[in-house]
Amino acid sequence: MLIRTSSQHPVQPSEITPRRVYERRRDIIRAAGAAALLPVAGAVAQPTPANLPPQKLAGRPSELSTGEPRTSYEDVTTYNNFYEFGTDKDDPARHAHRLRTRPWTVSVEGAVARPGVYDIEKLLALAPIEERVYRMRCVEGWSMVIPWLGYSFAELIRRVEPLGSAKYVEFETLADADQMPGLRSPVLRWPYIEGLRLDEAMHPLTLLCVGLYGEVLPRQNGAPVRIVVPWKYGFKSGKSLVAIRFVEKEPLTAWHLAAPREYGFYSNVNPDVPHPRWSQATERRIGDGGFLARKRKTLMFNGYADQVASLYAGMDLRRHF
Ligand SMILES: Nc1nc2c(c(=O)[nH]1)N[C@H]1C(S)=C(S)[C@@H](COP(=O)(O)O)O[C@H]1N2
Ligand SMILES: [Mo]
């Protein structure tokens, strides 16, 4: 599971975009930033190619960032979990070039006053982009420090006005067998579904993420838009979002369906509650020097306890794992 193979992934011919098209696209993004921020009905065909070169994306520094050393760009973009592209760590970097990230829409549905289909350009312009350097902890026992770009998911929630019946948010991510070779495997039930309680989703740390390391989100990291929840195991942070649903009942998540005794709904990082098959007390920080490096102690709520522990006051976290 943790064996690291070196991956070479030269730029695909399909990723090389004529400068003319690329520049026109930048103009479109600028125009979208100035336009009224209303949802559009249906997918809008953009005069853009399916695949774009890496595009710069700036984010203002955030007080919610950790000052810990960042995991290298190389590790962040080549050691990934994105089972839609395969289950090996280097599969996403090798296969995600097949993902078409434009046009792209995210459908906001369910118990909200303002449901709608949001074009990705509108989502990008919805709120100022911040750089959030977060510790991330995978349930497999490794961790990274990643400079994400995005804004608090609460910015979107406020604009769509959840109704009183909205208690949870369900995230659905893309499942398209033409683009995602991993869907041939029944390792999970597709589409990948994740969820948060509404107050967790509203927490300022919960990020609607559109980039990392000063550029738009690489495909293997969940382009063009994903969620990032730093106090929970990595699998809560669904990639390549296509729908956000405000619902009354706790969503049935993909990992819970696959192994109900191993993956609960909450999935808060908790060194005191072992996974049924392994301890969660320590972690290996990717980049720390391979398997010989000393492991680090995993922190409650991945080190975000000061900010999030109150969300779980009075709950038995062994039962609500
Ligand atoms: N759609 C989708 N989202 C996903 C996954 C996945 O397989 N499919 N894997 C999850 C897991 S287990 C982890 S650890 C993180 C990894 O994110 P990263 O590769 O950007 O570090 O993505 C999460 N989001
Ligand atoms: Mo993970």
Side-chain angles (χ1 to χ4, degrees), residues 1-2 4 7 70-96 99 101 104 106 132-150 170-177 179-183 185-196 206-213 215-244 251 253-259 262-263 267-269 275 278 280 283-287 298 302:
M1 178 176 64
L2 297 174
R4 178 101 197 273
S7 75
R70 301 160 188 214
T71 304
S72 74
Y73 178 87
E74 167 77 8
D75 282 335
V76 168
T77 57
T78 60
Y79 190 89
N80 300 105
N81 276 337
F82 198 167
Y83 279 15
E84 288 85 337
F85 292 102
T87 54
D88 287 347
K89 291 288 174 282
D90 59 352
D91 279 336
R94 285 168 50 214
H95 300 301
L99 180 64
T101 62
W104 191 281
V106 178
R132 299 272 185 92
V133 188
Y134 284 167
R135 282 181 296 278
M136 303 298 295
R137 170 64 155 79
C138 177
V139 75
E140 293 166 342
W142 49 269
S143 62
M144 297 193 191
V145 175
I146 304 181
W148 301 111
L149 294 165
E170 177 176 290
F171 301 99
E172 180 180 325
T173 82
L174 184 71
D176 180 355
Q179 303 175 64
M180 301 173 135
L183 296 191
S185 157
V187 59
L188 291 173
R189 205 177 299 179
W190 314 110
Y192 192 99
I193 299 287
E194 257 307 335
L196 295 170
T206 301
L207 191 72
L208 195 75
C209 173
V210 292
L212 58 78
Y213 264 113
E215 63 180 56
V216 302
L217 208 50
R219 290 177 172 73
Q220 58 269 40
N221 295 92
V225 58
R226 71 179 296 178
I227 206 82
V228 171
V229 193
W231 71 93
K232 292 176 180 281
Y233 292 116
F235 64 85
K236 298 299 282 184
S237 297
K239 295 177 166 183
S240 303
L241 290 177
V242 294
I244 298 170
T253 66
W255 281 101
H256 182 74
L257 281 168
E262 302 189 4
Y263 306 106
S267 311
N268 290 314
V269 174
H275 183 282
W278 60 83
Q280 293 291 10
E283 67 200 53
R284 184 173 66 96
R285 178 69 51 89
I286 300 294
T298 289
N302 201 26

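Both ligands and their constituent atoms are indexed starting at 1 by order of listing.
The proximity of R226 to ligand 1, defined as any non-hydrogen pair under 4.0 Å, is limited to the side chain.
Those atoms of ligand 1 with a heavy atom of N221 less than 4.0 angstrom away are 18 (P), 20 (O). Which parts of ligand 1 touch W148 is read off a 4.0 Å heavy-atom cut-off, strictly below it: atoms 20 (O). For ligand 1, the atoms lying closer than 4.0 Å to a non-hydrogen atom of C138 are 14 (S). Listed by number with element, the atoms of ligand 1 under 4.0 angstrom from any heavy atom of Y83 are 6 (C), 7 (O).
By the salt bridge (Lys or Arg N to Asp or Glu O under 4.0 Å) test, R226 pairs with no residue at all, sequence neighbours left out.
Every N/O-N/O distance between Q220 and ligand 1 stays at or above 3.5 Å. Among the atoms of S237, some N or O lies under 3.5 angstrom from an N or O of ligand 1. In terms of polar-atom proximity, E84 is counted as a contact of ligand 1, with an N or O under 3.5 Å from an N or O of the ligand. Between N80 and ligand 1, at least one pair of N/O atoms sits closer than 3.5 Å.
In terms of heavy-atom proximity, W190 sits nearest to A175 at CB-CB, 4.2 Å.
Here the heavy atom of the protein found nearest to atom 9 (N) of ligand 1 is N81 O, 3.2 Å.
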Item to complete: Verify side-chain contact (heavy atoms from CB on, under 4.5 Å) between V76 and M144, making sure each step is shown before the conclusion.
Response: CA-CA 8 Å; V76 168; M144 297 193 191; 4.1 Å; yes

Practice prompt. For the pair N81 and K89, evaluate side-chain hydrogen bond (donor to acceptor under 3.5 Å, both in side chains) and give the outcome as yes or no after the intermediate values.
Written response: CA-CA 6 Å; N81 276 337; K89 291 288 174 282; 2.8 Å; yes

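In summary, the side chains of T298 and Q280 do not present any donor paired with an acceptor at a separation below 3.5 Å, with no hydrogens or angles considered.
For S240, the closest heavy-atom approach to ligand 1 does not fall below 4.0 Å. F171 does not count as a contact of ligand 1, since none of its heavy atoms falls under 4.0 Å from the ligand. Between G222 and ligand 1 there is no heavy-atom distance shorter than 4.0 Å.
Between Y263 and H275, a ring centre-to-centre spacing shorter than 6.0 Å is recorded. When ring centroids are compared, Y213 and W148 stay outside the 6.0 Å threshold.
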